Amino acid sequence: MRVLVTGGAGYIGLHASLELLGAGHEVVILDNLVNSKREALGRLETLAGQSVSFYEGDVRDRALLDRVFTDHKVDAVMHFAGLKAVGESTQRPLEYYDVNVNGSWTLVSAMVHHQVHCIVFSSSATVYGNPHEVPIREDFPLSATNPYGRTKLVVEEMLRDVAAAYPELSVVLLRYFNPGGAHKSGLIGEDPNGIPNNLIPFIAQVAVGKRDQLAVFGDDYDTPDGTGVRDYIHVLDLAEGHVVALERLHHERGVHVYNLGTGRGYSVLQVLKAFEAVVGRPLKYRVVDRRPGDIGECWADPAKATESLGWSAKRGIGEMVEDVWRWQSQNPDGFSGLSD
Ligand code: NAD
Ligand code: UFG
């Protein structure tokens with residue numbers, strides 16, 4: 001298949017593009033590089049051993065999308081492009097609605113016009129809000145606790161409406177839990193701008209000496225050690241999940257929803273310990289107040305994806321942390337400072 005990957009220069013899009021190329025698909029990337037670097041695409045091409053068509057531009061730019069869909073007979077779209085920082089979304093909600101909602105609307109409008117019939121959308125476990133129990137199944141009630149989460153919910157709903165009106169469409173909503181890890185080569189990985197919001201890149205920067213210590217956001221949750229518990233899924237498992245979902249579902253009309261998680265939760269302190277084991281020394285941390293909006297525990301019931309797609313996450317937390325450490329120690333400044 002020929003797949004348009006929006007946001008393909010970003011963390012998950014890069015790994016999914018590599019997996020697509022490895023499975024024999026053709027990839028066209030559209031990304032405005034607002035949260036990624038051109039160098040990442042060079043590394044993708046090195047790893048894939050082939051070149052990739054790249055359009056530098058905005059997913060909200062309809063004329064550009066028309067050009068992409070005219071230049072390439074695209075069979076399906078994987079839509080990763082978007083803004084993803086929860087805290088920032090509360091400060092800049094209009095920007096989040098514009099990029100995430102208007103961007104998806106523009107993309108899907110162009111797809112309908114150009115008769116592209118399959119979209120795989122990056123949704124998030126954030127659409128479950130504060131779940132009444134764990135593990136979380138796809139049929140749990142949906143809600144949002146911040147503007148970022150609401151943009152994901154709105155796009156999910158919009159895609160359902162569009163699928164109902166255009167029955168030839170296949171819409172795949174993949175709800176990721178907490179992605180982490182990096183490619184085994186150490187050539188591509190997560191390269192957050194500024195201070196990382198997320199646990200894994202933050203600990204990686206403490207380990208490499210870029211940050212002094214980890215602030216643990218609360219140790220008074222109702223969890224075994226009091227710190228927050230999440231379902232950390234290796235980005236390579238996530239990438240494989242995308243390709244399997246695409247291959248199995250691109251001709252299956254309607255809306256298909258899957259959790260992509262491991263089904264296991266780890267606490268903040270357990271993740272820290274896993275890093276210490278790989279790095280071979282203790283890492284500094286201190287406990288601070290809870291982060292507003294955080295929930296105590298969140299992990300997936302991934303049974304639906306296993307039963308109907310035959311997919312399950314294969315990699316554990318130790319492997320994830322080893323891969324993050326290889327990437328971080330080989331690239332302490334991420335893709336920065338390299339040719340752009
Ligand atoms: P990322 O920021 O690394 O990648 C997103 C890419 O989209 C970046 O390369 C960025 O430059 C590009 N982009 C942003 N706005 C754009 C625009 N207007 N036009 C074109 N390109 C644009 O993020 P990621 O972690 O790879 O996340 C990918 C998707 O997965 C996002 O939609 C995100 O919301 C979703 N998601 C991520 C997580 C996570 O924890 N990483 C969890 C759940 C869902
Ligand atoms: N945490 C810390 N210190 C930090 C960062 C995080 O203690 O410096 C804790 C959090 O309190 C939480 C856990 O580590 O208990 C994980 O936090 P992350 O910020 O890494 O991840 P979240 O679960 O808060 O959110 C992530 C993404 C969201 C997505 C959500 C569900 O950032 O976009 O997973 O998929 F919606």
Side-chain angles (χ1 to χ4, degrees), residues 5-16 29-38 40-41 55-61 64-65 78-87 89 95-96 98-100 102-104 106-107 121-129 136 144-146 148-149 151-152 155 174-180 189-193 195-203 205-206 211 213-219 221 223 227-233 235 238 259-261 265-269 271-272 285-300:
V5 182
T6 73
Y11 172 46
I12 303 170
L14 273 176
H15 290 85
I29 291 180
L30 183 151
D31 197 304
N32 66 359
L33 303 181
V34 71
N35 197 35
S36 49
K37 306 253 169 25
R38 191 179 284 269
L41 294 170
Y55 291 78
E56 181 173 348
D58 201 296
V59 73
R60 292 164 294 179
D61 180 345
L64 174 63
L65 289 172
M78 281 193 187
H79 180 34
F80 297 96
L83 302 177
K84 62 166 184 176
V86 172
S89 78
E95 212 175 307
Y96 272 68
D98 190 13
V99 174
N100 293 1
N102 186 22
S104 301
T106 310
L107 174 66
F121 174 61
S122 299
S123 190
S124 165
T126 194
V127 299
Y128 296 112
I136 300 171
T145 53
N146 55 66
Y148 166 73
T151 66
K152 292 292 177 193
V155 175
L174 299 180
R175 295 178 180 153
Y176 317 155
F177 282 67
N178 290 59
E190 188 170 10
D191 181 18
N193 274 336
I195 302 172
N197 296 304
N198 297 118
L199 182 66
I200 290 183
F202 199 102
I203 302 180
Q205 292 197 2
V206 173
R211 314 259 159 220
Q213 62 181 338
L214 172 71
V216 175
F217 298 144
D219 65 354
Y221 286 104
T223 60
T227 65
V229 170
R230 297 290 185 276
D231 184 337
Y232 296 94
I233 174 166
V235 69
L238 208 53
N259 285 339
L260 294 184
Y266 289 90
S267 73
V268 175
L269 293 179
V271 176
L272 187 71
Y285 74 94
R286 75 194 161 98
V287 177
V288 301
D289 287 345
R290 290 182 179 196
R291 182 170 61 180
D294 271 0
I295 58 178
E297 45 185 7
C298 172
W299 73 86

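Scope of the values below: all heavy atoms of this structure, side chains included, with no hydrogens, waters or symmetry mates. Both ligands and their constituent atoms are indexed starting at 1 by order of listing. Keep in mind the model is a prediction, meaning the values are calculated, not measured.
Set against the non-hydrogen atoms of Phe177, the atoms of ligand 2 under 4.0 Å away are 35 (O). Distances below 4.0 Å separate heavy atoms of Tyr176 from the following atoms of ligand 2: 35 (O). Heavy-atom contacts of Ser123 reach the following atoms of ligand 1: 43 (C), 44 (C) (cutoff under 4.0 Å). Residue Ser124 approaches ligand 2 through these ligand atoms, each under 4.0 Å from one of its heavy atoms: 29 (C), 31 (C), 35 (O), 36 (F). Set against the non-hydrogen atoms of Ala9, the atoms of ligand 1 under 4.0 Å away are 9 (O). Counting atoms of ligand 2 from 1 in the listed order, those under 4.0 Å from a heavy atom of Val216 are 7 (O). Atoms of ligand 1 found under 4.0 Å from any heavy atom of Ser36, numbered from 1 in the order shown, are 8 (C), 9 (O), 11 (O). Those atoms of ligand 2 with a heavy atom of Gly228 less than 4.0 angstrom away are 15 (O). Atom numbering of ligand 1 starts at 1 in the shown order; those under 4.0 Å from a heavy atom of Val99 are 15 (N), 18 (N). The Asn197 neighbourhood of ligand 2 comprises atoms 5 (C), 19 (O), with distances under 4.0 Å to a heavy atom of that residue. Atoms of ligand 1 found under 4.0 Å from any heavy atom of Val34 (numbered from 1 in listed order, with element): 10 (C), 11 (O), 13 (N), 14 (C), 15 (N). Numbered from 1 in the order shown, with element, the atoms of ligand 1 that lie under 4.0 Å from a heavy atom of Ser122 read 29 (C), 30 (O), 32 (O), 35 (C). Each of the following atoms of ligand 1 lies closer than 4.0 Å to a heavy atom of Leu33: 11 (O).
Put simply, CD on Glu190 and CG on Leu14 are 11.0 Å apart, with the number rounded to the nearest 0.5 Å. Remark: Asn198 CG to Tyr11 OH distance equals 9.5 Å, nearest 0.5 Å. Ile29 CD1 to Thr6 OG1: the interatomic distance, rounded to the nearest 0.5 Å, is 10.0 Å. With rounding to the nearest 0.5 angstrom, the CG atom of Leu107 is 6.0 Å from the CG atom of Leu65. To the nearest 0.5 Å, the span separating CG on Asp98 from CZ on Arg60 amounts to 4.5 Å.
Partners of Ser122 according to the side-chain contact (heavy atoms from CB on, under 4.5 Å) rule, which considers only residues two or more places apart in sequence or in another chain, are Phe80, Lys152, Tyr176. A search for side chain to side chain donor-acceptor pair (under 3.5 Å) contacts involving Tyr221 returns nothing, not counting sequence neighbours.
Assignment of Gly57 to the shell around ligand 1 is supported, since a heavy atom sits closer than 4.0 Å. Residue contacts with ligand 1: Asp31 is included, with a non-hydrogen atom under 4.0 Å away. Within the 4.0 Å heavy-atom shell around ligand 1 one finds Lys152. Residue contacts with ligand 2 include Tyr232, since one of its heavy atoms falls under 4.0 Å from the ligand.
Residue Tyr148 touches ligand 2 through its side chain alone, judged by heavy-atom distances below 4.0 Å. When heavy-atom distances to ligand 2 are checked against a 4.0 Å cut-off, Val268 comes that close only through its side chain, counted from C-beta outward. Looking at Ile200 against ligand 2, nothing comes within 4.0 Å, counting heavy atoms. Both the backbone and the side chain of Thr126 come within 4.0 Å of ligand 2, counting heavy atoms alone. Using a 4.0 Å cut-off between heavy atoms, Cys298 makes no contact with ligand 2 at all.
Given atom 18 (N) of ligand 1, the protein heavy atom at minimum distance is Asp58 OD1, 3.0 Å. If you check which protein heavy atom lies closest to atom 19 (N) of ligand 1, you get Val59 N, 3.0 Å. Nearest protein heavy-atom neighbour of atom 3 (O) of ligand 1: Tyr11 N, 2.9 Å. The nearest heavy-atom contact from the protein to atom 37 (C) of ligand 1 is Ile12 CD1, 3.9 Å. When hydrogens are left out, the protein atom nearest atom 24 (P) of ligand 1 is Lys84 NZ, 3.7 Å; that is the closest non-hydrogen contact. Atom 10 (C) of ligand 2 has as its closest protein heavy atom Asp294 OD2, 3.4 Å. Protein heavy atom nearest atom 2 (O) of ligand 1, with residue, atom name and distance: Asn35 ND2, 2.7 Å. At the top of the distance list for atom 33 (C) of ligand 1, counting protein heavy atoms only, stands Tyr148 OH, 3.7 Å. For atom 29 (C) of ligand 1, the nearest non-hydrogen atom of the protein is Phe80 O, 3.3 Å.
Annotation: Leu199 places an N or O atom under 3.5 Å from an N or O atom of ligand 2; distance criterion only.
Open room surrounds OH on Tyr285; 12 or fewer heavy atoms of other groups in view lie less than 6.0 Å from it.
Put simply, the side chain of Asn146 never gets that close to the backbone of Gly87: no donor and acceptor are under 3.5 Å apart.
Considering only non-hydrogen atoms, atom 19 (O) of ligand 2 lies nearest to Arg291 out of Arg290, Arg291, Lys152, Arg175. For atom 3 (N) of ligand 2, the candidate residues are Ala215, Ala125, Ala300; the nearest heavy-atom contact is made by Ala215. Ranked by closest heavy atom to atom 20 (C) of ligand 1, the top entry among Ile29, Asn32, Val86 is Asn32. For atom 42 (C) of ligand 1, the candidate residues are Gly10, Ala16, Pro179; the nearest heavy-atom contact is made by Pro179.
In summary, the side chains of Asp61 and Tyr55 do not present any donor paired with an acceptor at a separation below 3.5 Å, with no hydrogens or angles considered.
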